[in-house]
Chemist: 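Take this structure, written in structure tokens, and hold onto it; I'll ask about it next.
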Amino acid sequence: MATCLSYCATANGVELFNHYGSNSRLIRFSSRNTSSKLFLTRTSHFPTAKRCFHVKNTLSEPKHKVQDPITQEGAESNLSSFAPDTASIASSIKYHAEFTPLFSPERFELPKAFFATAQSVRDSLLINWNATYDIYEKTNMKQAYYLSMEFLQGRALLNAIGNLELTGAYAEALKKLGHNLENVASQEPDAALGNGGLGRLASCFLDSLATLNYPAWGYGLRYKYGLFKQRITKDGQEEVAEDWLEIGSPWEIVRNDVSYPIKFYGKVTTGSDGKRHWIGGEDIKAVGYDVPIPGYKTKTTINLRLWSTHVPSADFDLSAFNSGEHTKACESQVNAEKICYILYPGDESEEGKILRLKQQYTLCSASLQDIIARFERRSGDRIKWEEFPEKVAVQMNDTHPTLCIPELMRVLIDLKGLSWKEAWNITKRTVAYTNHTVLPEALEKWSHELMQTLLPRHVEIIEAIDEELVHEIVSKYGTLDLNKLEEKLTTMRILENFDLPSSVSDLFTKPESPVDDDTETVEVHDKVEASDKVVTDDEEDETGKKTSAKTEAAAEKDIDKKTTLKPEPFVIPPKKVRMANLCVVGGHAVNGVAEIHSEIVKEDVFNDFYQLWPEKFQNKTNGVTPRRWIRFCNPPLSSIITKWIGTEDWVLKTEKLAELQKFADNEDLQTEWREAKRSNKIKVVSFLKEKTGYCVVPDAMFDIQVKRIHEYKRQLLNIFGIVYRYKKMKEMIAAERKTNFVPRVCIFGGKAFATYVQAKRIVKFITDVGATINHDPEIGDLLKLKCHIFLTEIVEGHIFLTRFLVVFVPDYNVSVAELLIPASDLSQHISTAGMEASGTSNMKFAMNGCIQIGTLDGANVEIREEVGEENFFLFGAQAHEIAGLRKERADGKFVPDESFEEVKEFVRSGAFGSYNYDDLMGSLEGNEGFGQADYFLVGKDFPSYIECQEKVDEAYRDQKRWTKMSILNTAGSYKFSSDRTIHEYAKEIWNIEPVELP
């Protein structure tokens with residue numbers, strides 16, 4: 001007989017009834033008041049109401065009798081009719097504060113209020129999550145799985161209650177409990193699961209998948225310490241560990257029953273059954289942590305499953321510990337757990353490389369084992385592996401999950417007994433690859449030796465895939481032109497610097513020339529002038545070694561003889577595994593993330609593959625979710641859009657934003673638009689004061705560049721432009737400065753990877769320039785003003801209005817972006833043309849009415865097309881010109897602009913402190929060589945950039961024109977919703993259909 005654990009909530013609290021057992025799976029809800037269906041054990045605003053839930057132990061029941069009450073007859077109507085009110089929400093929060101405690105009971109302060117509120121929201125999400133999951137299980141439709149090393153989620157509370165349409169109710173409930181929703185939400189740390197656009201895109205995709213009711217899950221790793229928390233000191237960037245999990249996350253649910261073995265090292269043997277067996281080595285386990293992802297205005301709640309790595313307690317060496325060998329005793333635990341310590345651990349060392357490869361394999365292996373287990377469970381007694389691609393779509397977000405390909409092959413062949421042909425056919429139909437970069441160093445290549453040591457069975461499979469590819473290339477191009485064939489093989493093979501398979505190598509065999517021995521005979525006839533005595537082997541030189549002396553004539557005679565010389569030693573190039581090539585070969589679709597990027601992928605990066613398989617290549621221009629990036633982060637602008645369009649449907653159908661175009665000249669709209677922008681800027685004024693100590697005014701132009709610090713993103717070009725502006729200001733009197741330059745607050749944000757030395761120099765340079773400019777009383781003009789009312793709490797009476805301010809915001813993350821982007825006037829997307837795959841921050845800025853200055857790179861091209869050329873500040877060389885410009889530089893024909901040389905000289909003069917910037921300046925000089933020759937064309941684009949910035953000043957002075965441009969940027973941003981992108985993936989790559997819950 002099943003046992004049952006029952007709780008009831010009354011006006012006086014929670015009562016416990018009939019505790020018969022603790023092992024439970026299903027939760028049954030009942031109530032005498034139907035409005036209690038969504039929340040567990042809540043006190044009600046109705047004094048006599050009593051709510052109960054029953055936790056039912058099903059372990060002893062026959063399997064066929066188990067029913068999930070959420071999907072029983074009538075459950076749908078209960079779920080859909082539920083509308084939680086303020087009182088029941090407040091009761092839910094109070095319940096979690098008391099019965100799901102993480103803090104002492106005496107006080108209900110902000111941290112405790114946040115956790116209790118989040119746990120209350122999570123209850124709602126779990127009910128919807130269970131209903132969603134149950135539908136997927138029962139209908140067994142095709143499901144997409146998005147594998148990514150990064151998911152840059154940001155804070156979840158406001159997004160979750162916004163998607164549930166409960167923002168007002170939660171705000172009122174918290175007010176009754178003595179707290180403000182915004183203050184409570186600010187207690188949440190950003191989930192440290194990503195760094196830049198790759199992770200933010202993945203998170204936007206999950207939001208859109210849930211909102212559009214597509215059956216999909218995300219898979220990632222649960223990084224304990226994230227990438228790092230950034231501090232800015234006088235020495236530049238300092239990295240410290242993230243602490244986002246220090247007191248736990250209220251959103252995640254550990255699934256102790258979802259655990260899979262992961263193996264490293266060992267060896268491969270052939271069993272008596274003829275199968276290959278991977279044995280021995282190091283074994284760990286990956287445990288799943290689930291994070292519910294709610295859709296907007298829908299019950300659909302999908303899942304982000306994050307893997308954490310452990311070993312069983314039995315692996316703790318108690319004997320070693322008691323013998324005092326504490327480090328040795330914990331070695332297994334540390335080796336397992338450190339896999340999920342850090343996002344992108346430094347890979348300069350061999351240990352760092354091993355750790356990164358372990359991370360990638362853990363993500364792939366655990367996720368695929370989970371996917372396969374789900375496929376087998378849903379298939380029941382009759383598993384048809386040929387139907388696997390009809391039920392499963394795996395998307396690899398960049399090359400990090402490439403090991404999905406050999407891992408799926410390994411499982412299908414070694415564990416499920418399929419033939420090579422069957423497994424390869426299934427794998428190619430299941431997996432697809434999104435390319436995010438054209439940078440050679442980001443197209444991962446792993447050491448063959450390292451991979452063979454760590455993953456020996458996977459290397460065997462990769463080598464077999466490579467051999468099959470070689471034969472396909474030979475079949476395609478034939479053997480008439482062996483030079484062309486050799487070129488194709490060299491470019492396209494997965495294995496780099498490997499001999500060809502024996503079945504093909506004979507095609508390229510050349511006749512051998514007879515060689516007498518391993519030495520080379522060279523005749524030397526040049527005369528050498530020498531002193532009377534030449535030191536040779538037998539006379540003592542000044543170091544005390546024995547040498548012999550010969551006359552000049554004798555030495556000359558010896559040199560004139562034939563001399564036998566050893567040849568230069570031949571350096572064997574390292575053997576590599578090209579992960580990007582493996583992705584293209586093993587997947588059925590390859591997509592770029594912007595139109596220009598996809599063309600570069602086809603015409604340059606993977607041109608040989610495109611010629612072989614043109615049908616594989618697609619474009620899927622990135623997008624961002626309009627829920628987080630307009631609706632929730634910019635309420636003032638959202639209200640204006642809804643008012644003028646006449647509906648809030650634009651949140652789901654962003655094409656309605658285009659209707660703003662017809663009102664762009666309307667003075668009333670423009671006035672409201674400026675007021676909304678100013679209210680957002682006032683928030684940033686307060687934020688900057690708190691984070692940096694600088695006081696700014698909202699009437700200055702907010703000029704923002706926030707993104708990962710990298711040379712190709714050209715923060716260096718931006719700061720050089722600032723130095724140029726500063727120098728020109730110094731040469732003017734105050735009246736001239738006022739005429740020639742509008743007040744600007746130049747805001748930078750972004751992290752440089754801990755081992756990326758040049759990027760860290762750029763951070764240091766920006767902060768040094770800012771420190772100099774911000775403390776220069778001449779440039780600030782020291783206009784002392786009486787403080788406006790809205791600034792009273794910030795500066796208590798007076799501020800300094802500067803004509804120029806440079807601020808580096810430390811530890812830039814999603815939450816900071818949600819403040820800065822709505823307040824931005826100008827944003828900079830100034831990467832070297834052809835080097836940015838797409839970008840997503842440019843889309844967020846455009847949605848929020850920010851005007852952009854940029855190159856024709858990535859999604860900038862499409863943004864400019866949509867918002868109008870006149871509403872985008874364009875400068876710089878174009879992608880098709882870059883190779884020629886680099887050649888011009890290498891040939892010594894490039895002549896730098898005088899203004900650019902002037903800026904470099906000004907920096908070298910010590911104007912920004914005593915730090916030696918020779919290495920940074922040196923990267924912009926010379927004609928060739930690693931780390932030199934201005935590879936990213938800062939000097940080439942500098943004069944065009946300065947000229948464009950002058951046009952920005954001119955436009956900003958005309959606020960009516962500027963506001964119209966801002967409105968048209970929002971109106972034209974409709975294309976860049978991630979909803980549109982996901983529809984395209986679903987239809988053209990994954991072949992999945994929406995499944996809407998009743």
Side-chain angles (χ1 to χ4, degrees), residues 149-150 192-196 198-199 221 223-233 235-242 264-265 282 309 331 334-363 398-403 436-437 439-455 459 496-497 571-580 708-713 715-716 750-765 835 916-920 922-923 929-932 935-936:
M149 289 296 286
E150 295 186 43
L193 298 171
N195 174 42
L198 187 78
L221 295 181
Y223 302 107
K224 185 175 182 179
Y225 302 116
L227 182 72
F228 58 81
K229 185 177 288 187
Q230 182 193 53
R231 293 176 180 168
I232 300 299
T233 70
D235 298 318
Q237 173 180 293
E238 178 183 317
E239 304 90 21
V240 295
E242 284 274 10
F264 304 110
Y265 304 109
E282 174 186 311
T309 44
E331 189 174 2
V334 171
N335 282 338
E337 290 173 7
K338 73 181 180 182
I339 292 172
C340 292
Y341 274 175
I342 299 292
L343 169 64
Y344 302 138
D347 58 356
E348 299 295 312
S349 66
E350 191 71 8
E351 282 298 313
K353 290 181 175 67
I354 291 170
L355 189 57
R356 279 213 187 186
L357 191 56
K358 280 185 172 183
Q359 286 184 334
Q360 293 185 6
Y361 180 61
T362 298
L363 170 64
D398 216 352
T399 54
H400 308 125
T402 306
L403 289 168
H436 282 279
T437 184
L439 298 177
E441 64 268 24
L443 295 172
E444 291 184 297
K445 296 180 183 180
W446 283 105
S447 160
H448 178 267
E449 182 182 6
L450 185 154
M451 187 175 283
Q452 192 167 45
T453 302
L454 194 68
L455 303 168
V459 169
E496 184 177 78
N497 300 322
V571 178
I572 301 174
K575 294 181 176 181
K576 301 279 188 180
V577 180
R578 298 162 166 163
M579 306 305 273
R708 177 166 53 92
I709 309 297
H710 197 291
E711 288 169 278
Y712 88 84
K713 293 179 183 287
Q715 286 90 353
L716 194 55
K751 296 178 179 179
F753 279 124
T755 56
Y756 190 175
V757 176
Q758 193 74 324
K760 295 178 77 170
R761 288 188 186 121
I762 292 171
V763 174
K764 166 66 173 166
F765 183 47
M835 302 202 74
N916 186 342
Y917 282 108
D918 284 348
D919 288 331
L920 188 61
S923 70
F930 180 76
Q932 293 184 313
Y935 184 77
F936 301 100

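Scope of the values below: all heavy atoms of this structure, side chains included, with no hydrogens, waters or symmetry mates.
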Chemist: Main chain of Leu443, side chain of Thr399: is a donor-acceptor contact present, judged purely on distance under 3.5 Å?
Modeler: no
Chemist: Might you work through the side-chain contact (heavy atoms from CB on, under 4.5 Å) test for Leu357 and Leu403, ending with a clear yes or no?
Modeler: CA-CA 9 Å; Leu357 191 56; Leu403 289 168; 3.9 Å; yes
Chemist: Which atom pair, heavy atoms only, marks the closest approach of Leu221 to Gln359?
Modeler: CD1-O, 3.7 Å
Chemist: Just say parallel, tilted or perpendicular for the rings of Tyr344 and His400, cut-offs at 30° and 60°.
Modeler: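 Because their plane-to-plane angle lies in the 30° to 60° range, the rings of Tyr344 and His400 count as tilted.
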Chemist: State, yes or no, whether a side-chain contact exists between Phe753 and Asn195 at a heavy-atom distance under 4.5 Å.
Modeler: yes
Chemist: Restricting to side-chain hydrogen bond (donor to acceptor under 3.5 Å, both in side chains), what partner residues turn up for Lys224, sequence neighbours left out?
Modeler: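 side-chain hydrogen bond (donor to acceptor under 3.5 Å, both in side chains) check on Lys224 returns nothing, list empty.
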Chemist: My understanding is that only residues two or more places apart in sequence, or in another chain, count here; which of them pass side-chain hydrogen bond (donor to acceptor under 3.5 Å, both in side chains) with Tyr341?
Modeler: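 Testing Tyr341 for side-chain hydrogen bond (donor to acceptor under 3.5 Å, both in side chains), a comparison that skips the adjacent residues, returns none.
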Chemist: I need the minimum non-hydrogen distance between Ile354 and Leu454, along with the two atoms involved.
Modeler: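 Scanning both residues completely, I find the closest heavy atoms to be O-CD2, 4.1 Å.
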Chemist: Nearest 0.5 Å, what's the CE-NZ distance between Met451 and Lys576?
Modeler: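 Answer for the CE-NZ pair, Met451 versus Lys576, is 10.5 Å.
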Chemist: Nearest 0.5 angstrom please: Glu711 CD to Ser923 OG, how far?
Modeler: 6.0 Å
Chemist: Compare every heavy atom of Thr309 with every heavy atom of Ala336, then report the nearest pair and how far apart it is.
Modeler: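 Heavy-atom minimum between the residues: O-OG1, 2.6 Å.
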Chemist: Quick one: salt bridge (Lys or Arg N to Asp or Glu O under 4.0 Å) partners of Lys445, sequence neighbours excluded?
Modeler: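 Here the qualifying residues are Glu496.
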Chemist: Would you give the length of the straight line joining atom CG of Asp347 to atom NZ of Lys353, rounded to the nearest 0.5 angstrom?
Modeler: 5.5 Å
Chemist: Step by step, work out the side-chain contact (heavy atoms from CB on, under 4.5 Å) result for Gln715 and Phe765.
Modeler: CA-CA 10 Å; Gln715 286 90 353; Phe765 183 47; over 6 Å; no
Chemist: Which heavy atom of Lys764 sits nearest a heavy atom of Gly236, and at what distance?
Modeler: CD-N, 4.0 Å
Chemist: Hey, does Gln360 have a side-chain heavy atom less than 4.5 Å from the side chain of Thr402?
Modeler: no
Chemist: For the side chain of Gln230 and the backbone of Gln237, is there at least one donor-acceptor N/O pair under 3.5 Å apart?
Modeler: no
Chemist: Does any N or O in the side chain of Tyr361 come within less than 3.5 Å of the main-chain N or O of Leu455, such that one atom is a donor and the other an acceptor?
Modeler: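 No, the answer is negative, given that no donor and acceptor are paired below the 3.5 Å cut-off.
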Chemist: Of all heavy-atom pairs between Tyr223 and Leu193, which one has the smallest distance, and what is that distance?
Modeler: N-CD2, 3.7 Å
Chemist: Return yes if some donor-acceptor pair links the side-chain N/O of Arg356 with the main-chain N/O of Pro345 below 3.5 Å, else return no.
Modeler: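 Side chain of Arg356 to backbone of Pro345, a donor-acceptor pair under 3.5 Å: yes, one is there.
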Chemist: Working note: Phe228 + Ile342, criterion side-chain contact (heavy atoms from CB on, under 4.5 Å); need CA distance, chi angles, decisive distance, verdict.
Modeler: CA-CA 8 Å; Phe228 58 81; Ile342 299 292; over 6 Å; no
Chemist: With rounding to the nearest 0.5 Å, note down the distance linking CE in Met579 to CG in Asp398.
Modeler: 11.5 Å
Chemist: Restricting to salt bridge (Lys or Arg N to Asp or Glu O under 4.0 Å), what partner residues turn up for Lys760, sequence neighbours left out?
Modeler: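 Checked Lys760 against salt bridge (Lys or Arg N to Asp or Glu O under 4.0 Å); matches are Glu239.
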Chemist: Do Lys358 and Glu282 meet the salt-bridge criterion of a basic N to acidic O distance under 4.0 Å?
Modeler: yes
Chemist: What are the two closest non-hydrogen atoms of Thr362 and Ile339, and how far apart are they?
Modeler: OG1-CG2, 3.8 Å
Chemist: My understanding is that only residues two or more places apart in sequence, or in another chain, count here; which of them pass side-chain contact (heavy atoms from CB on, under 4.5 Å) with Ser447?
Modeler: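 Checked Ser447 against side-chain contact (heavy atoms from CB on, under 4.5 Å); matches are Glu449, Leu450.
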Chemist: Just jot down the salt bridge (Lys or Arg N to Asp or Glu O under 4.0 Å) partners of Lys751, sequence neighbours excluded, or say none.
Modeler: Glu242, Asp811
Chemist: Where do Met835 and Leu439 land on the side-chain contact (heavy atoms from CB on, under 4.5 Å) test, with the steps shown first?
Modeler: CA-CA 7 Å; Met835 302 202 74; Leu439 298 177; 3.0 Å; yes
